[in-house]
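Residue numbering restarts at 1 for every chain, and letters A, B, ... go by the order of the sequence lines. The analysis underlying the following values was restricted to heavy atoms, covering all of them including side chains, and did not include hydrogens, waters or symmetry mates.
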Number of protein chains: 2
Amino acid sequence: MTASRAFRHSNLVAQATRDRVLVAATELSYVPNLLARGLVQNCTATVGVVVLELANPFFIPMVSAIESIVSKRGLLVITGESGRDEGKERQYVEQFQQFRVGGIIVSPTSSRLDHLAAVRASGTPVVVMARQWEHGDYVATDDAMGGRLVAEHLLRRGHRRIGLVRREDPSHDPVRDRVLGFRRTLAAAEIKVPDEWDIRVPGSQIAHGVEAVERLLLASERPSAIFVTSDRMALGVVNRLLEQGIRVPEDVVVIGYDDIPYAACARVPLTTVAIPVHLLGEISAGILLSRLDGAARAEPSRVLLSPELVIRASCP
Amino acid sequence: MTASRAFRHSNLVAQATRDRVLVAATELSYVPNLLARGLVQNCTATVGVVVLELANPFFIPMVSAIESIVSKRGLLVITGESGRDEGKERQYVEQFQQFRVGGIIVSPTSSRLDHLAAVRASGTPVVVMARQWEHGDYVATDDAMGGRLVAEHLLRRGHRRIGLVRREDPSHDPVRDRVLGFRRTLAAAEIKVPDEWDIRVPGSQIAHGVEAVERLLLASERPSAIFVTSDRMALGVVNRLLEQGIRVPEDVVVIGYDDIPYAACARVPLTTVAIPVHLLGEISAGILLSRLDGAARAEPSRVLLSPELVIRASCP
DNA sequence: ATGAAAGCGCTAACAC
DNA sequence: GTGTTAGCGCTTTCAT
């Protein structure tokens with residue numbers, strides 16, 4: 001018992017005794033068993049995090065920020081990648097519960113969040129990241145606004161023949177909202193993106209941007225502007241356009257989304273929408289920690305961050 | 001007891017009984033407690049991973065590959081970021097042990113690996129990633145060879161006035177080995193990098209590349225070629241050179257290292273050294289799994305992967 | 001095919 | 001400031 005107290009830095013143990021315990025522990029190369037503690041307390045000093053993709057510059061800063069913040073409190077981070085598969089997401093959340101993590105941060109695949117509500121109801125704090133959540137804490141960005149910023153910029157520059165490249169992913173609201181805000185703003189100026197310039201690709205890698213251009217160039221005419229819903233794809237779009245002898249921005253302007261660090265170093269530096277990804281992680285972690293500190297019954301925190309247009313050479 | 005068996009799909013339980021158990025479990029919204037199991041078995045279905053930086057395109061594919069492979073076996077991944085701080089690295093490894101992880105994969109900060117030897121001796125499998133390890137399993141790349149490839153290419157192109165930009169990090173062997181192989185090959189051609197062209201910066205971000213150029217341009221003369229030990233920095237180097245009106249590759253050629261996906265989309269597409277980062281993670285995970293499958297006492301696996309020169313516009 | 005008993009290493013609650 | 005007791009939920013072992 002005294003040993004247990006010594007290890008937890010309880011002040012109910014004399015300094016001398018504590019020292020003796022610690023010395024003995026070293027001699028015996030004793031390693032505390034956090035599982036046993038977790039069993040008793042029905043909770044461990046861990047945070048489970050599920051994102052759509054680990055190897056994605058959109059999510060990396062979030063995971064990194066979370067890790068950095070919670071590790072300062074001695075919490076470990078368990079990561080999971082759902083790969084946009086709702087089943088996998090559920091599985092991770094369930095597995096986290098089986099391990100009795102202290103809290104969970106999820107960037108959900110779809111807007112069906114009932115499994116998260118259940119977890120929350122069972123007492124484990126849950127924060128939804130990069131998407132809104134009616135029934136609990138979330139930290140998201142205003143994606144419709146981001147889409148609007150893009151459209152407004154294009155309209156200001158006088159573009160009317162506008163194309164769109166986006167990941168085919170009906171359930172992923174953020175992209176849907178970007179497109180929604182974009183379309184709505186264009187519609188107000190009586191502009192519509194024709195179907196042949198509305199390209200959907202199956203992923204958001206650089207290569208998918210390349211693929212998108214190939215399909216876009218099959219159209220009878222060429223747009224004067226292209227909105228690409230992620231910078232990674234936009235990099236591929238610009239590269240492929242240049243390879244085809246189409247100049248950016250002289251012949252076609254391109255606007256991306258996310259403002260990844262590489263956007264400024266691109267073949268043609270990208271005009272894009274910056275979202276505070278690091279903040280998303282930071283604030284999510286902060287909310288989770290406050291829940292762990294006992295704010296369990298407080299009202300849900302609803303945080304909506306604003307994106308910003310960053311103007312560079314690809315659409316000056 | 002029967003319930004326990006039912007959950008582990010033991011075939012010592014009748015199908016009918018199993019079904020009844022599972023139904024009852026759902027009704028009671030029972031969640032198995034993996035901590036209790038871990039307490040009994042003194043080991044959990046988890047893998048601890050420590051890397052120098054999570055938000056680094058060098059490590060991301062490794063973590064992602066590890067996650068993808070071990071998750072197929074139902075193992076969770078606990079991630080830690082040492083930030084090149086040996087103390088933090090040790091702390092993570094210790095914490096992993098306290099949680100009785102099944103195995104550990106570390107990309108170590110320094111070449112002092114005694115703490116890992118101790119862990120291994122205590123029975124937890126350890127794989128060292130991206131660095132060689134005399135006393136245990138490792139998966140690394142031949143960094144000296146990478147440096148040699150760069151030097152050979154520059155020599156072939158007739159460069160003799162050569163600069164070097166690298167992260168200041170004496171303990172990080174990979175960078176040291178790149179520089180070593182590079183220098184040795186140049187020395188064989190009786191070329192030396194003068195001190196004023198040997199720039200050390202405190203980090204490996206894009207911004208540190210920018211900083212490096214500023215310091216390089218203070219030198220009395222300008223080199224005709226620059227080797228930058230990571231692509232992220234090289235992106236900053238190229239950007240800054242162009243901003244200064246110095247053309248790449250006409251005035252100065254630049255060679256990077258890592259071949260991150262963005263290298264091909266850079267302002268000037270980067271000539272660089274490709275390292276199979278995904279394989280590093282994949283093979284590390286494979287070795288760890290084989291250890292968990294009982295190959296505990298087998299000889300250490302020593303895997304050394306070869307880098308490849310990728311020639312693009314920044315040094316054709 | 002099922003169950004009973006014991007114990008994994010810890011902490012909460014309660015003595016002293 | 002220190003020790004005792006009990007029990008967290010599971011698996012191992014042994015019995016039936």
Side-chain angles (χ1 to χ4, degrees), chain A residues 1-46 48 73-76 78 94-103 119 122-124 292-294 296, chain B residues 1-46 48 73-76 78 93-103 119 122-124 292-294:
Chain A
M1 191 57 236
T2 301
S4 168
R5 279 195 268 255
F7 267 94
R8 279 174 297 157
H9 302 102
S10 158
N11 42 11
L12 284 155
V13 52
Q15 186 60 50
T17 323
R18 190 208 307 291
D19 291 344
R20 274 171 52 218
V21 168
L22 297 181
V23 167
T26 322
E27 270 171 17
L28 300 165
S29 60
Y30 162 82
V31 179
N33 189 325
L34 262 33
L35 300 176
R37 173 186 297 182
L39 184 58
V40 174
Q41 301 184 334
N42 201 33
C43 176
T44 58
T46 54
R73 295 272 279 260
L75 304 179
L76 286 179
I78 306 179
E94 161 125 31
Q95 220 174 343
F96 289 165
Q97 282 197 282
Q98 297 180 355
F99 269 109
R100 302 295 191 264
V101 297
V119 173
S122 81
T124 307
L292 293 176
D293 286 347
Chain B
M1 190 58 239
T2 301
S4 167
R5 279 196 268 257
F7 266 94
R8 279 174 297 156
H9 303 103
S10 157
N11 42 13
L12 283 156
V13 54
Q15 186 61 49
T17 322
R18 188 205 313 289
D19 291 344
R20 275 172 49 218
V21 169
L22 296 181
V23 167
T26 321
E27 271 171 18
L28 301 164
S29 61
Y30 161 82
V31 179
N33 189 324
L34 261 34
L35 299 176
R37 174 186 296 184
L39 184 59
V40 174
Q41 301 183 335
N42 200 33
C43 175
T44 59
T46 54
R73 296 271 279 261
L75 304 179
L76 287 179
I78 305 177
V93 170
E94 161 126 31
Q95 220 174 343
F96 289 166
Q97 281 196 285
Q98 297 180 353
F99 270 109
R100 303 297 191 263
V101 298
V119 173
S122 81
T124 307
L292 292 176
D293 287 347

* Asked: Does some side-chain heavy atom of B:L76 sit less than 4.5 Å from a side-chain heavy atom of A:Q98?
  -> no
Discussion item. With a 4.5 Å cut-off on side-chain heavy atoms, are A:V13 and A:V21 touching?
Written reply: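 No. Closest side-chain heavy atoms not under 4.5 Å.
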Just jot down the side chain to side chain donor-acceptor pair (under 3.5 Å) partners of [X], sequence neighbours excluded, or say none.
X: A:N11; value: none
X: B:S10; value: none
X: A:R8; value: A:S4

Only distances under 3.5 Å count here; give the side-chain donor-acceptor pairs of residues 31-46 of chain B to other protein atoms, sequence neighbours excluded, each with its distance to 0.1 Å.
unit_1	atom_1	unit_2	atom_2	d
B:N33	OD1	B:L35	N	2.8
B:N33	OD1	B:A36	N	3.2
B:N42	OD1	B:R100	NE	2.9
B:T44	OG1	B:T46	OG1	2.7
B:T44	OG1	B:R100	O	3.0

query = So which pairs with a foot in residues 13-23 of chain B pass side chain to side chain donor-acceptor pair (under 3.5 Å), sequence neighbours left out?
reply =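 The answer is B:Q15-B:D19.
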Does anything in residues 24-34 of chain B reach DNA chain D, meaning a heavy atom under 4.0 Å, and if so which residues?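 Residues of residues 24-34 of chain B that come under 4.0 Å of DNA chain D are, in numerical order, B:Y30, B:P32, B:N33.
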Which nucleotide of DNA chain D is the first, and which the last, in the 5' to 3' direction, to come under 4.0 Å of a heavy atom belonging to chain A?
->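 Reading along DNA chain D, I get D:dG1 to D:dG9.
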Closer than 3.5 angstrom, by distance alone: can the side chain of A:Q97 be matched with the main-chain N or O of A:T124 as a donor-acceptor pair? no
**Request:** Measure the distance from CG on A:L35 to P on C:dG9 and round it to the nearest whole Å.
**Result:**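 Roughly 11 Å, once rounded to whole Å.
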Measure from CZ on B:F99 to P on C:dG9 and round the result to the nearest Å.
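Nearest whole value for this atom pair: 17 Å.
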If each end axis of the helix from C:dA1-D:dT16 to C:dC16-D:dG1 is fitted on five C1' pair positions, the angle between them, to 10 degrees, is 30°
What ring pair (Phe, Tyr, Trp, His ring centres under 6.0 Å) pairs are there with at least one residue in residues 4-28 of chain B, not counting sequence neighbours?
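Every ring pair (Phe, Tyr, Trp, His ring centres under 6.0 Å) pair that includes a residue of residues 4-28 of chain B, provided the two are not neighbours, is B:F7-B:Y30.
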### Selection: residues 10-22 of chain B, any non-hydrogen atom under 4.0 Å of DNA chain C
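Of all residues in residues 10-22 of chain B, the ones placing a heavy atom under 4.0 Å from DNA chain C are B:N11, B:L12, B:V13, B:A14, B:T17.
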Heteroatom pairs (N/O) under 3.5 angstrom, protein to nucleotides 11-15 of chain C:
unit_1	atom_1	unit_2	atom_2	d
C:dT11	OP1	A:R37	NE	2.7
C:dT11	OP1	A:R37	NH2	3.0
C:dT11	OP2	A:S4	OG	2.2
C:dA12	OP1	A:Q41	NE2	3.0
C:dA12	OP2	A:R8	NH1	3.4

